[in-house]
Amino acid sequence: MRIHQARHMIRQRLQDVGVASPEADASWLLAALTGLTPGEQVAAREASLNRAQMATLETWLRRREAREPLQHILGTTEFFGLPLEVTPAAMVPRPETETLAALGLTVLETLDPGGGRVLDLGTGGGAVALAIKHHRPTAEVMATDISKAALDLARRNASRLDLEAVFIRSDLLDHPTVADFAAAADLLLANPPYLPTTDRDHVPPEVAFDPEEALYSGTDGLDHFRRLEEQATRLLRPGAVMLVELDPRNVGEAYEHARRWRKREIEEDLLGKERFLRLEK
């Protein structure tokens, strides 16, 4: 089968099962299969795939038709320019979360142009923490997660990228070492579970492959946020900033809840949706 024929087949099969981005998926699958960029695939459209490549493609396609995330199939994704290993141990990093990292870097530049102490809660595979460390090598970064498997993945990503961060298993700020670090931190970043439990029956099939404990947080999606906000209010020093990613449906309610903070702002994602809460102690 020629490359252009394979692209058409992939696109058609994924369209038939309701995948939202069949054209982009076809490009990524063919890139992983052949090593060719999308532009190179166009130039080499008449080149043929060999038998081994066709067998691999069929395996990948069957998994994608079952709505397994493309990132799980390929085992990797890019976040803030960094190649990250992806497994079912942690949520697939979302493009909108890149804005959380960008906001964090902006805050750091304001608070401490020379370095800074950063705590990343619910780090998953380490995406935000490692993006901060990569772009701010002088920062002292600690990252936590309640899941040991997720932290193992984050450590592998850090090692592969040669980035230094401390990883500790903790439920939000419960661990004493994490609480001590938070008390002296300049910036706390958090991407906690924020979906209402009523979403379980309505999310895209791909979301079912993410760990459930990383997704849902009570009937309004704010159980984790309320507990974190209470802990952070007690522990963070004056002048410290907390940035939290939330659901556009509940970020306004979180803003109203956080009345004890000196400054409160809601930030938008790249699509113009209100998604991030910036709180200054």
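- Using a 4.0 Å cut-off between a side-chain N of Lys or Arg and a carboxylate O of Asp or Glu, Arg226 and Glu230 do not qualify as a salt bridge.
- Taking a cutoff of 4.0 Å between a charged side-chain nitrogen and a carboxylate oxygen, Arg264 and Glu280 do not qualify as a salt bridge.
- The CD atom of Gln5 sits 12.0 Å away from the CD1 atom of Ile10 when rounded to the nearest 0.5 Å.
- From Asp223, atom CG reaches atom CG of Leu228 across 12.5 Å, with rounding to the nearest 0.5 Å.
- Ala6 approaches Leu30 most closely through the heavy-atom pair CB-CD2, 4.1 Å.
- A distance-only check finds a donor-acceptor pair linking the side chain of Lys281 to the backbone of Leu236 [under 3.5 Å].
- Looking only at distances, no side-chain donor or acceptor of Asp180 sits under 3.5 Å from a matching main-chain atom of Thr177.
- Between Lys273 and Glu96 there is no salt bridge, since no side-chain N of the basic residue sits under 4.0 Å from a carboxylate O of the acidic one.
- Put simply, the side chain of Asp269 gets close to the backbone of Gly272: a donor and an acceptor are under 3.5 Å apart.
- Between Glu206 and Pro69, some side-chain heavy-atom pair lies under the 4.5 Å cut-off.
- The heavy-atom pair separating Pro211 from Ala90 by the smallest distance is CD-C, 3.7 Å.
- Remark: the Asp120 side chain and the Thr123 side chain contain an N/O donor-acceptor pair separated by less than 3.5 Å.
- Formation of a donor-acceptor pair under 3.5 Å by the Ser217 side chain with backbone atoms of His224 is found in this model.
- The CG atom of Leu82 lies 6.5 Å from the CG atom of Leu163; values are rounded to the nearest 0.5 Å.
- Pro88 places a side-chain heavy atom less than 4.5 Å from the side chain of His72.
- Heavy-atom neighbours of Asp162 CG from other residues, nucleotides or ligands within 6.0 Å: at or below the threshold of 12.
- When all heavy atoms of Ala179 and Leu235 are compared, the closest pair comes out as CB-CD1, 3.9 Å.
- Between the Gln15 side chain and the Gln12 main chain, no donor and acceptor come within less than 3.5 Å of each other.
- The cluster map of Ile, Leu, Val, Met, Phe, Trp and Tyr, joined by side-chain heavy atoms under 4.5 Å apart, puts Leu84 and Phe167 in the same cluster.
- Within a 6.0 Å sphere centred on CZ of Arg51, heavy atoms belonging to other residues, nucleotides or ligands number 12 at most.
- Taking every heavy atom of both residues into account, Leu189 and Gly104 meet most closely at CD2-CA, 4.1 Å.
- Closest of all the heavy-atom pairs between Gly114 and Thr138 is O-OG1, 3.0 Å.
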Can you check side chain to side chain contact (heavy atoms under 4.5 Å, CB included) on Val241 and Leu111, steps first, answer last? CA-CA 9 Å; Val241 171; Leu111 294 179; 4.0 Å; yes
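- Rounding to the nearest 0.5 Å places CD1 of Ile73 at 13.0 Å from CZ of Arg62.
- With Asn250 contributing its side chain and Tyr194 its backbone, the two residues share a donor-acceptor pair below 3.5 Å.
- Summarising the local packing, CD of Glu164 is surrounded by 12 or fewer heavy atoms from other residues, nucleotides or ligands at distances under 6.0 Å.
- Looking at Thr99 and Glu267, their side chains never bring a donor and an acceptor atom within 3.5 Å of each other.
- At least one side-chain heavy atom of Glu65 sits under 4.5 Å from a side-chain heavy atom of Arg13.
- Between Glu245 and Arg94 there is no salt bridge, since no side-chain N of the basic residue sits under 4.0 Å from a carboxylate O of the acidic one.
- Between Val86 and Thr76, the closest side-chain pair of non-hydrogen atoms is not below 4.5 Å.
- Under 3.5 Å, the side chains of Thr233 and Glu229 contain a donor-acceptor pair of N or O atoms.
- Between Glu268 and Arg275 there is no salt bridge, since none of the side-chain N atoms of the basic residue sits less than 4.0 Å from a carboxylate O of the acidic one.
- Between Arg64 and Glu68, none of the side-chain N atoms (NZ, or NE/NH1/NH2) sits under 4.0 Å from a carboxylate O, so this pair counts as no salt bridge.
- A donor-acceptor contact closer than 3.5 angstrom links the side chains of Ser27 and Arg7.
- Separating the CD atom in Gln71 from the CZ atom in Phe209 is a distance of 12.0 Å, to the nearest 0.5 Å.
- Judged by distance alone, the side chain of Thr97 and the main-chain N or O of Pro93 form no donor-acceptor pair under 3.5 Å.
- No path of Ile, Leu, Val, Met, Phe, Trp and Tyr side chains, each step under 4.5 Å between heavy atoms, connects Met142 with Leu153, placing them in separate hydrophobic clusters.
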Which is it for Val107 and Arg278 under the side chain to side chain contact (heavy atoms under 4.5 Å, CB included) test, yes or no, and what are the steps along the way? CA-CA 10 Å; Val107 168; Arg278 183 187 191 277; 3.7 Å; yes
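- For Asp210 (side chain) and Val92 (main-chain N/O), a donor-acceptor pair under 3.5 Å exists by modelled atom type.
- Shown here for Ala44 and Leu36, the closest heavy-atom pair between the two residues is CB-CD1, 4.0 Å.
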For side chain to side chain contact (heavy atoms under 4.5 Å, CB included), just list the numbers for Tyr255 and Glu274, CA-CA rounded to whole Å, side-chain angles, deciding distance to a tenth of an Å, and then say yes or no. CA-CA 11 Å; Tyr255 175 90; Glu274 294 183 339; over 6 Å; no
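- To the nearest 0.5 Å, atoms CD1 (Ile266) and CG (Leu246) are separated by 9.0 Å.
- Between Leu33 and Trp60 the shortest side-chain heavy-atom distance falls below 4.5 Å.
- The local environment of CH2 in Trp261 is crowded, with over 12 non-hydrogen atoms from other residues, nucleotides or ligands closer than 6.0 Å.
- A salt bridge links Asp152 to Lys148: one of the charged nitrogens lies within less than 4.0 Å of a carboxylate oxygen.
- Within the 4.5 Å cutoff, no side-chain heavy atoms of Thr110 are placed close to those of Leu108.
- Between Gln53 and Thr34, the closest side-chain pair of non-hydrogen atoms falls below 4.5 Å.
- Other residues, nucleotides and ligands contribute over 12 non-hydrogen atoms within 6.0 Å of the CZ atom of Arg237.
- Side chain to side chain, His175 and Ser170 fail the donor-acceptor criterion of an N or O pair below 3.5 Å.
- Between His134 and Phe80, the ring center distance fails the sub-6.0 Å criterion.
- Put simply, the side chain of Asn157 gets close to the backbone of Glu85: a donor and an acceptor are under 3.5 Å apart.
- The backbone N or O of Leu195 lies less than 3.5 Å from no partner atom in the side chain of Asp247, so there is not a single donor-acceptor pair.
- The pair Arg227-Asp174 meets the salt-bridge criterion, since a charged nitrogen lies less than 4.0 angstrom from a carboxylate oxygen.
- By the criterion of side-chain heavy atoms lying less than 4.5 angstrom apart, applied directly or through intervening Ile, Leu, Val, Met, Phe, Trp or Tyr residues, Leu105 is not grouped with Leu119; the two fall into different hydrophobic clusters.
- Note on Leu188 and Val178: same hydrophobic cluster, where clusters join Ile, Leu, Val, Met, Phe, Trp and Tyr whose side-chain heavy atoms are under 4.5 Å apart, directly or indirectly.
- One hydrophobic cluster, built from ILVMFWY side chains closer than 4.5 Å, cannot hold both Met91 and Val128; they sit in different ones.
- In this structure, Arg156 and Thr87 have side chains that are in contact, with non-hydrogen atoms separated by less than 4.5 Å.
- Annotation: cation-pi pair Arg117/Phe181 present, NZ/CZ under 6.0 Å from the ring centroid and within 45° of its normal.
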Dump the intermediate steps for side chain to side chain contact (heavy atoms under 4.5 Å, CB included) on Val19 and Arg67, then the final yes or no. CA-CA 7 Å; Val19 169; Arg67 305 303 291 272; 3.8 Å; yes
